[in-house]
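Shown next, in structure tokens, is the structure this report addresses.
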Amino acid sequence: MSNYPSDLKYTKDHEWAKKAGSNIVVGVTFHAQDALGAVVYVELPKVGSTVTAHASFGVIESTKAVSELFAPVTGKVAKINDDVTANPGSVNDDPYKAWLIEIEPATASDFDALLDQPTYVASLDAAK
Amino acid sequence: MARSTPLNAAHRKLGGRMVDFAGWDMPVQYDGLIQEHERVRTGVGLFDVSHMGEIEFTGPGALEEANRLITNDLAKCADGQAVYAGLLNEKGTFVDDVVAYRFSPEHIFICVNASNADKDFAWMAENAKKVKPVNRSNDFAQIAVQGPKAFGVVQRLSPKSLEGVGTYRFTTGDVAGVPCIISRTGYTGEDGFELYCAPDKAEALWYAILEAGKPEAAAPAGLGARDSLRTEMKYALYGNDIDDAHTPLEAGLGWIVKLDKPDFIGKSVLVAQKAAGVPRKLVGFEMLDTGIPRAHYAITQDGEKVGEVTSGTMGPSIKKAVGIGYVPTALSAEGSTFNVDIRGRAAAARVVKTPFYKKP
């Protein structure tokens, strides 16, 4: 059932973010994968490319729908998760294990401005 | 406000995820599109297709009247036989695609798409000369029971033997005590039935089939699985693959067009187009590069747009990204290659034989 770990930060675009050293690891939330249904394709940016906060950095597709992925913060792509592009269904299996990209943020404090877990969960409840 | 089928409460009770489809509040999925798709390929799934429209011609001359409106030939059918057909305008392009049932020469029953039901009825009423159509859409609910195990489940609920009801044949009789038109048709590429019944009996029939189908793990399936199943078969969807801008010959549906019939609306255009050759064709293709083709993506060659994708998905059974689209006839032969513009990236694709899915 729905699951939003309290040690993560969130965006209203239904991405999660967490710190890995000075970098930020990004994935999609339980809600995002549930709304999409079975994920069958993930397209990620190249390592070294630049992503911009709130702008699209990639695409996630289910059998039925195409959805854009939005960056939580501005920065440079440090790593991408090739396991997810090879096995897109892993996003449904565990959206918090199936991270998508790791960003080297341009401004370290951007991370702190992201939503905390209670705020994100409240926004989901409000949208119901 | 979206319209509801008589099964709306059942969908909600069974956990259907409801969406607006052509003005109807319909379940897009229940436990998961891929599970539902697989259920229909290997077992049995139930679809609520009560939103579909039904139009009837009855009385002397019913067959001739209906036959003049559709591309296939009801005169060549036996009573108890159904045909897939185009309902065309004078330009020879689609008003809709339909299934026409011949009960007798004096009773023709036509099942039409939900989104087109009112338009189709108006078109038929306007063009019918002697026998006027009756819109029966509110008098019927429809449940599609589809999958290799569908026959056994429906037979168990029917006192009448259904063995003799072959593909595209139908009969009338009780299913779980509910009077039905029992039609051996579907939109999935699997065996099965489409059951038409009175709206107030639909819920009882729905639950009776689920109950009787417990040994086969019968369960509902939503519109999402219906779409992926039909796409794997390259069955056309009105509004996507066929519309009033394309003829049946362009859509690769020459087999439903009987040019030897005395007359039908659109015939002269099709005769001329057949003689001249079609400028473009609806083809099935698979992706050679990564990416999933989707409706309205451009089909390109040497950077120029030459066609358009009309449907596409990652097929759950074929485990491949495939699409359907119109291309110039020169690019329509099996093995032809072109690109699909996937968000600005030219991804290579190749025309393949269809249906994409073949029974193992």
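Lettering of chains follows the sequences in order, A, B, ..., and the numbering in each one begins at 1. Quick caveat: nothing in here was measured; it's all calculated off a predicted structure.
Contact annotation for T290(B): both backbone and side-chain heavy atoms come within less than 4.5 Å of a heavy atom of chain A. Contact of T85(A) with chain B is not made at all, since no heavy-atom distance falls under 4.5 Å. Contact of I292(B) with chain A is made through backbone and side chain together, with heavy-atom distances under 4.5 Å.
Both the sub-6.0 Å distance and the 45° axial angle are not jointly satisfied by R39(B) relative to the ring of Y30(B).
Chain A forms the most heavy-atom pairs under 4.5 Å with one residue out of L33(B), T231(B), V28(B), and that residue is L33(B). In terms of heavy-atom pairs under 4.5 Å with chain A, the best-connected choice from R343(B), R17(B), K319(B), H37(B) is R343(B). Counting heavy-atom pairs under 4.5 Å between each of V59(A), N92(A), T63(A), V40(A) and chain B puts T63(A) at the top. Top candidate by heavy-atom pairs under 4.5 Å with chain A, chosen from R345(B), Q35(B), Q29(B), is R345(B).
Ring centroids of Y96(A) and F30(A) are separated by 6.0 Å or more, keeping the two rings apart. Ring centroids of Y120(A) and Y4(A) are separated by less than 6.0 Å, placing the two rings close together. No close placement of the F94(B) and H246(B) rings is indicated, their centers lying 6.0 Å or farther apart.
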Step by step, would you call E104(A) with N23(A) a side-chain hydrogen bond (donor to acceptor under 3.5 Å, both in side chains)? CA-CA 5 Å; E104(A) 188 186 320; N23(A) 286 354; 5.5 Å; no
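Aromatic ring orientation, H31(A) versus H14(A): tilted (interplanar angle from 30° to 60°).
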